[in-house]
Number of protein chains: 2
Amino acid sequence: MRDAFHADPADVPLAAAMHALSDPLRLRIVELLARDGETECSVIYSALGISKSNASHHFRILRESGLIWRNHQGRQQSARLRGDEFNTRFPGLLDAVLSNIEPGPAAHRPVQQQGVDRIG
Amino acid sequence: MRDAFHADPADVPLAAAMHALSDPLRLRIVELLARDGETECSVIYSALGISKSNASHHFRILRESGLIWRNHQGRQQSARLRGDEFNTRFPGLLDAVLSNIEPGPAAHRPVQQQGVDRIG
DNA sequence: CCAATGGTTCAACGTTTGTTGTACCTTTGA
DNA sequence: TCAAAGGTACAACAAACGTTGAACCATTGG
C-alpha cells in the first residue's frame, strides 16, 4: 500500500481546516479519536455505520487538512489525531471544537475528559 | 424591506457554524466586523471587492448561523458580530477562529486587539 | 498458490455551494 | 412624483461535495 499523503498542518489554510471540521461525520470521527486515542479504521467506520469507501473519503480530507495521521501495520490501518501539531498551527481551535461537540450516542469507552493535551 | 431571518445561535448545530466559518470571504467579513465593529454593508462589499448579490448571499449564511446581526436605518444596512451570543453557544470558538485568521491586506482602521469580549 | 481481509481508487449520481447578472423592492432626495 | 441608491430574490451555471458500488491493490493465513 502506497504511503498516503499527509498535509503539514503548517501549510493548511484556516478555511481548509474549518471546512474539514464542518461535516457531521468528520466531527464524529475527530470526537472519537479525541476520546479513544489511536483507533483502527475498521473500528471507526463500523462504529459510525458508514461504508469503507465513504470512510476512506473522509479520512483523506482529514489527512489533507493536517488533522489526523494514519499508519498501517500489515493490512490494518489506524488513525490518530495530530493534536499537538494542529494546535501549534491553530492555537485553541481544536479544543474549542472538541468542547463544543454535542456528545454522540453511547460511547464505547468511558468518557474521561476532553481536551487536546491528552492526545499527543 | 422585510425583516430578514436571524437564527438564534442556540439553535445552530456546530457543523453549520463551522461551515459558515469555512469560506475565505466569510472569514474576511467576520474579521472585518471583529476589527471595526458595526459596519455598513456597502463598506464591506466594496472593501472586499465583491458584488452586492454575492455579499447578500454570504450575509445570509452568516445570519442563518447566528454569527451576525443586521439592522437597517433607512435604505442603509449595517452588520455586527453577535459575539456574546455566539460565544455563549460555542464557548471559545469565535476567539479561536479570530486569533487564527491570517491578517488581510491593509486595515482601514488601526488594529487594536483581537478577541470577542470587545464586540458586544 | 488461493482466498479472505482491510483500504484505496474510480465512475457515477444527486445535492449543495459560490458566483454572476437581472429584475425587483424600499427608502431617500430633488 | 420620479429617479437614484442600498439590498434582496431569482434563475442560471460551473465547481465542489457526500455517498454509493464496483473494481482494484496489498497483506495475511491456510
Side-chain angles (χ1 to χ4, degrees), chain A residues 1-7 12-30 32-33 38-65 67-80, chain B residues 1-7 12-30 32-33 38-65 67-80:
Chain A
M1 184 160 294
R2 291 193 304 283
D3 267 358
F5 169 71
H6 284 79
V12 175
L14 175 61
M18 297 299 289
H19 171 253
L21 290 167
S22 71
D23 180 84
L25 232 41
R26 290 195 289 270
L27 282 175
R28 294 180 61 192
I29 294 176
V30 168
L32 198 151
L33 291 178
E38 184 153 3
T39 304
E40 293 164 11
C41 295
S42 59
V43 170
I44 296 178
Y45 64 68
S46 77
L48 266 53
I50 60 178
S51 67
K52 294 189 301 178
S53 56
N54 195 14
S56 187
H57 166 67
H58 287 298
F59 280 134
R60 182 164 50 84
I61 292 177
L62 291 172
R63 283 200 318 268
E64 292 175 350
S65 65
L67 265 163
I68 69 173
W69 187 273
R70 283 230 323 274
N71 24 23
H72 27 83
Q73 44 256 31
R75 60 186 159 184
Q76 197 108 352
Q77 304 215 10
S78 58
R80 67 168 180 82
Chain B
M1 185 160 292
R2 293 195 302 285
D3 267 359
F5 169 71
H6 284 81
V12 175
L14 175 61
M18 297 299 290
H19 171 252
L21 290 166
S22 72
D23 181 86
L25 233 40
R26 290 196 289 271
L27 282 174
R28 293 179 62 190
I29 294 176
V30 168
L32 198 150
L33 292 178
E38 184 153 2
T39 305
E40 292 162 11
C41 295
S42 59
V43 171
I44 296 177
Y45 64 68
S46 77
L48 267 53
I50 59 178
S51 67
K52 293 190 300 177
S53 56
N54 195 14
S56 187
H57 164 69
H58 287 298
F59 280 134
R60 183 163 50 82
I61 292 178
L62 290 173
R63 285 201 318 270
E64 292 176 350
S65 66
L67 264 162
I68 69 173
W69 187 273
R70 283 233 319 274
N71 23 23
H72 26 83
Q73 44 256 31
R75 62 185 158 185
Q76 197 110 350
Q77 307 216 8
S78 57
R80 65 168 180 83

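Every chain is numbered from 1 and lettered A, B, ... according to where its sequence line falls, protein lines coming before strand lines.
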Engineer: Hey, does the side chain of B/Asn54 come within less than 4.0 Å of C/dT20's phosphate (OP1/OP2), counting only N and O?
Structural biologist: yes
Engineer: OP1 or OP2 of C/dG7 less than 4.0 angstrom from a side-chain nitrogen or oxygen of A/Tyr45, does that happen here?
Structural biologist: yes
Engineer: For the residue pair B/Leu33 and B/Ile44, establish whether any side-chain heavy-atom pair is separated by less than 4.5 Å.
Structural biologist: yes
Engineer: Side chain of A/Asp23: nearest nucleotide among D/dA5, D/dG18, D/dG29?
Structural biologist: D/dG18
Engineer: To the nearest Å, give me how far apart CZ (B/Arg75) and P (C/dG29) are.
Structural biologist: 6 Å
Engineer: Please tell me which of A/Gln73 and A/His19 maps to the more 5' nucleotide of DNA chain D, matching each residue to the nucleotide holding its nearest heavy atom.
Structural biologist: A/His19
Engineer: Can you tell me the distance, in whole Å, between the CZ atom of A/Arg60 and the P atom of C/dC10?
Structural biologist: 9 Å
Engineer: If you pin A/Gly74 and A/Leu25 to their nearest nucleotides in DNA chain D, which one's is more 5'?
Structural biologist: A/Leu25
Engineer: Does B/Gln73 reach the side chain of B/Ser78, with side-chain heavy atoms less than 4.5 Å apart?
Structural biologist: yes
Engineer: Under the 3.5 Å rule, do the base of D/dG7 and the side chain of B/Ser56 count as making a donor-acceptor pair?
Structural biologist: no
Engineer: Rounded to the Å, how far apart are A/Gln77 CD and C/dG6 P?
Structural biologist: 12 Å
Engineer: Answer with base, sugar-phosphate or nothing: what part of the nucleic acid does B/Ile61 contact at a heavy-atom distance below 4.0 Å?
Structural biologist: sugar-phosphate
Engineer: Return the minimal non-hydrogen interatomic distance between A/Leu48 and A/Leu25, and the atom names on each side.
Structural biologist: CD2-O, 4.0 Å
Engineer: What's the closest nucleotide to the B/Lys52 side chain, out of D/dG29, C/dT28, D/dG7?
Structural biologist: D/dG7
Engineer: Between C/dG21, D/dG18, D/dG6, which nucleotide has the shortest distance from any of its atoms to the side chain of B/Ser53?
Structural biologist: C/dG21
Engineer: Locate the shortest heavy-atom distance separating A/Ile68 from A/Ala79; write the atom from each residue and the value.
Structural biologist: CD1-CB, 4.3 Å
Engineer: For the side chain of B/Ser42, starting at C-beta, report the closest nucleotide among C/dG7, D/dA4, D/dG7.
Structural biologist: D/dG7
Engineer: Return no unless some side-chain N or O of B/His58 is found under 4.0 Å from OP1 or OP2 of C/dT19.
Structural biologist: yes
Engineer: Of all the nucleotides listed (C/dT17, D/dG6, D/dG18), which has the minimum atom distance to the side chain of A/His57?
Structural biologist: D/dG18
Engineer: Would one find a side-chain N or O of B/Arg26 under 4.0 angstrom from OP1 or OP2 of C/dG18?
Structural biologist: yes
Engineer: Check whether any side-chain heavy atom of B/Leu67 lies under 4.5 Å from a side-chain heavy atom of B/Leu21, and answer yes or no.
Structural biologist: yes
